[in-house]
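Only one structure is covered here, and it is reproduced in the block below.
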Amino acid sequence: MAKRDFRYHRPLYSRPHAPKSVQKVKWRILPIIWLAIKRTSTAIGFLVLINIILAIFVYPALFSSQTAAPALPDEMVLYMKFEGGFLETPATASLSDPFAGSALTVRDITSSLDRAANDTRVQGIIARMNDGNFNITQVAEIRIALKKFRQSGKFAHIYSSSYGDGAGGMSRYYLASAFDEIWMQPLGIVSITGLGAEVPFFRETMDKIGVAPQFFKRKDYKTAYESMTDKQMSAPNREMMTRMVNDIKTEILSTIPEERGMSVAQFEALVNQGLFTAPEAEKAGLITKGDYGDILLDNIAEKLTGKRDFEELNMVSFESYAADFKKKGHSGIAHKNKPKVALIYTTGAIMPSSDGGGIGAISGGVAAADKIAPAILMASKDDDVKAIILRIDSPGGSPAASESILRAVEKAKERGKPVIVSMGATAASGGYWVAAYADRIFALPTTLTGSIGVVGGKFVFNDLFKKLGVNWEEITWGRNANMWSVNTRFDAGEAERMNAMLDNIYDNFVARVAKGRNMTPEAVDKIAGGRVWTGRSALKVGLVDELGGLDAAMDYTATTLGKQNGSELAILVYPKPKTTMEQIFEFLGTQTKMAGVMQNNLAMQSHILDAVSPVTDAYIMQKDAKNYMTYAPLELQ
């Protein structure tokens, strides 16, 4: 299948007569609606039953057929496929999508590459890059593992129809440049146009539609809502964004030119040219060859077998190789005599619970404190667990939820368990809050971290509602009963309370960083103020301890436990993945909730105008504003 996929890639009855009597129609409406509801309920129940039967009898057989793969050959070439992007945590398989969990995570890729480097059966790697936007920090982590693989003396070639038809070309080429040979289809293009950070500003639009943003922040560099409150970028924001772009540029220039055998000046000149056809890219040294994928495969076959026929190659998909590795890695024999280390993920917006109040749709996921904190505490109570690695990829979230996770970290350390943090693409605001007490913090050079600050407020829709002809009546008790209302601005007293709350959160944030990093509050305040740092700059100002990915954090943990590297650890992911039966019961619970939602919707038809909102995400965030005070989504394209 790997060979075939490589060569043939695809962008991959009669209507009843109307009653004559109008009066009869009126009386028959309710029975018809009731009959429709009963039939719909029967259909839903039938689907639930079918799903249960499939879950018990069919899906397990499918899963077992996947995992019970044939033994790997004595000689093989691994086939990797890059498309869509990279995952931090595995996609959860469900009854509706039982194969969702098959995609590899960043850790799956790096650990399997490390194994392949020392596996005498593996002769080399051929990769195909399809469409996708690859996060530059995750690319940097995978590049480290690819470099180790190449240092073992094995080949690593990559092929793509193009490296960046549109946006995202720089990160795609950054990944491709980690391979020793870069091939591209003869009519493809290489797009290395540099880096750009774009921020839209909606203040004039919001003024026109009658929405008033009222936000308070601590301090100048906390710019989460600046695109809503201002008409243009502030000087602190421009300074911060410029520094981040320059840091990422420095990282790229420290790697790609050397790997492609050119000077930094030569590569910068190519970036300034931006777009290259296949012949131009080959002449400039950006790619090895502009030719077809079957030619590349035949070349590899001739080198390994003496025959110019790729059918002679034993090609094994990287997913199969990784699955074999994970199966052996989780066996009792593999874990015997290895110190156990808990790996706990904090990915997405940090919220009190997995429900997240809708924030998951905005941020791309929820890091639920009610799951992460207990997982840390559980691992800390397990005598077999010798250390805890906290992997963070979060733009921030609720201060209260962040504090719950940080408290669990503190309790784990009190119980004698070292806590090591590995930062992924982002560990900012609340994402840094949960890392503050760690014994050691690792970040990639392009990780976005820091953002030690706080912002809070609300959007006021009063003028918009007037334009729409919506009149709100109110009955209140308490001077500040309407403090969080979307219909009124903060008055002087409410603004004073908001500022007092933000001061308290900011001061406590600074205090926790000072305690965890052994700094004075004054020293923390100088590098805080809401500033976002790359990992490279965060190391200089003392917010992180070392540059490196999850593998580096595991190697460090191993040395603290008397081992040489991370391969000598038994890594246990907490909380443990759900069993099939647990997924079934969770699914049934979801169905029950859906039925309740349907009933509520029928009862609330007369209030549908209450849900009208032109800025839905903003409304969700201000509805329970205390949960979003440090929320600061960050994205660099």
Side-chain angles (χ1 to χ4, degrees), residues 196-242 349 357-359 361-363 395-397 429 451 453-474 476 480-502 506 529-530 532 607-637:
E198 295 181 315
V199 182
F201 288 84
F202 298 100
R203 183 56 192 265
E204 287 191 22
T205 302
M206 300 186 79
D207 288 343
K208 289 178 182 178
I209 65 175
V211 177
Q214 267 196 297
F215 286 89
F216 308 85
K217 62 182 181 181
R218 299 295 181 277
K219 296 185 179 181
D220 291 343
Y221 292 87
K222 196 68 175 181
T223 58
Y225 291 99
E226 186 177 272
S227 59
M228 300 290 184
T229 60
D230 295 1
K231 296 180 181 180
Q232 60 185 16
M233 187 177 289
S234 65
N237 195 6
R238 185 172 296 278
E239 173 205 323
M240 181 172 64
M241 296 293 284
T242 301
I359 195 66
I362 304 171
S363 67
S429 199
S451 192
V454 58
V455 61
K458 66 178 180 179
F459 291 91
V460 181
F461 296 91
N462 188 47
D463 291 341
L464 173 63
F465 286 131
K466 288 180 180 178
K467 293 180 180 181
L468 296 175
V470 178
N471 178 48
W472 291 74
E473 298 289 349
E474 62 181 41
T476 62
N480 297 320
N482 285 334
M483 183 170 181
W484 298 111
S485 170
V486 296
N487 299 315
T488 60
R489 294 175 176 269
F490 290 119
D491 62 25
E494 291 167 344
E496 185 276 327
R497 289 290 81 209
M498 278 293 300
N499 282 309
M501 178 175 63
L502 297 187
Y506 181 75
V532 178
H607 303 289
I608 194 168
L609 285 177
D610 292 350
V612 174
S613 171
V615 192
T616 306
D617 289 351
Y619 180 76
I620 291 171
M621 294 176 69
Q622 66 83 35
K623 188 168 63 174
D624 193 6
K626 66 181 185 301
N627 279 339
Y628 306 98
M629 290 304 167
T630 63
Y631 181 74
L634 301 165
E635 184 174 354
L636 195 67
Q637 298 180 349

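Predicted, not measured: the structure shown is a model, and the values here were computed from it.
Here the CG-CZ distance, from D230 to F201, works out to 7.0 Å after rounding to the nearest 0.5 Å. In this structure, OG in S227 is found 9.0 Å from CE in M206, a value given to the nearest 0.5 Å. To the nearest 0.5 Å, atoms OG (S234) and OH (Y221) are separated by 9.0 Å. In this structure, CE in M228 is found 8.0 Å from CZ in F215, a value given to the nearest 0.5 Å. Going from atom CE of M483 over to atom CZ of R489 covers 15.5 Å, rounded to the nearest 0.5 Å. Residue N480 holds its CG atom at 9.0 Å from CZ of R497, rounded to the nearest 0.5 Å.
Closest heavy-atom contact between T488 and V460: O-CG2, 3.6 Å. E494 and D491 make their closest contact through N-OD1, 2.8 Å (heavy atoms, listed as atom of the first residue, atom of the second, distance). The shortest heavy-atom contact between A349 and P395 is N-CD, 4.2 Å. Shortest non-hydrogen contact noted between L502 and V455 is CD2-C, 4.4 Å. Counting all heavy atoms, side chain and backbone alike, W484 lies closest to G457 at CZ3-O, 4.2 Å. Scanning all heavy atoms of the two residues, the minimum distance from G396 to S429 falls at CA-CB, 4.1 Å.
Cation-pi contact between K217 and Y225: absent, since separation from the ring centre below 6.0 Å together with deviation from the ring axis within 45° is not met.
More than 12 non-hydrogen atoms from other residues, nucleotides or ligands lie less than 6.0 angstrom from NZ of K467. No more than 12 heavy-atom neighbours from other residues, nucleotides or ligands sit within 6.0 angstrom of CD on Q232.
Residues that satisfy the side-chain hydrogen bond (donor to acceptor under 3.5 Å, both in side chains) test with Q214, not counting sequence neighbours, are absent from this structure. Legend: residues meeting side-chain hydrogen bond (donor to acceptor under 3.5 Å, both in side chains) with N482, ordered by chain and number and at least two apart, are E474.
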Derivation of the side-chain hydrogen bond (donor to acceptor under 3.5 Å, both in side chains) call for E473 and N471: CA-CA 7 Å; E473 298 289 349; N471 178 48; 2.9 Å; yes

V486 and F459: CA distance, side-chain angles, deciding distance, side chain to side chain contact (heavy atoms under 4.5 Å, CB included) verdict: CA-CA 6 Å; V486 296; F459 291 91; over 6 Å; no

Stepwise side chain to side chain contact (heavy atoms under 4.5 Å, CB included) test for T223 and M241: CA-CA 11 Å; T223 58; M241 296 293 284; over 6 Å; no

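Between R203 and D207 there is a salt bridge, since a side-chain N of the basic residue sits under 4.0 Å from a carboxylate O of the acidic one.
Considering M498, M501, K222 as possible partners of F216, the one that fulfils the side-chain contact (heavy atoms from CB on, under 4.5 Å) test is M498.
Defined by atom type and a distance below 3.5 Å, a donor-acceptor pair is present between the side-chain atoms of N499 and R218.
Formation of a donor-acceptor pair under 3.5 Å by the K231 side chain with backbone atoms of E204 is not found in this model.
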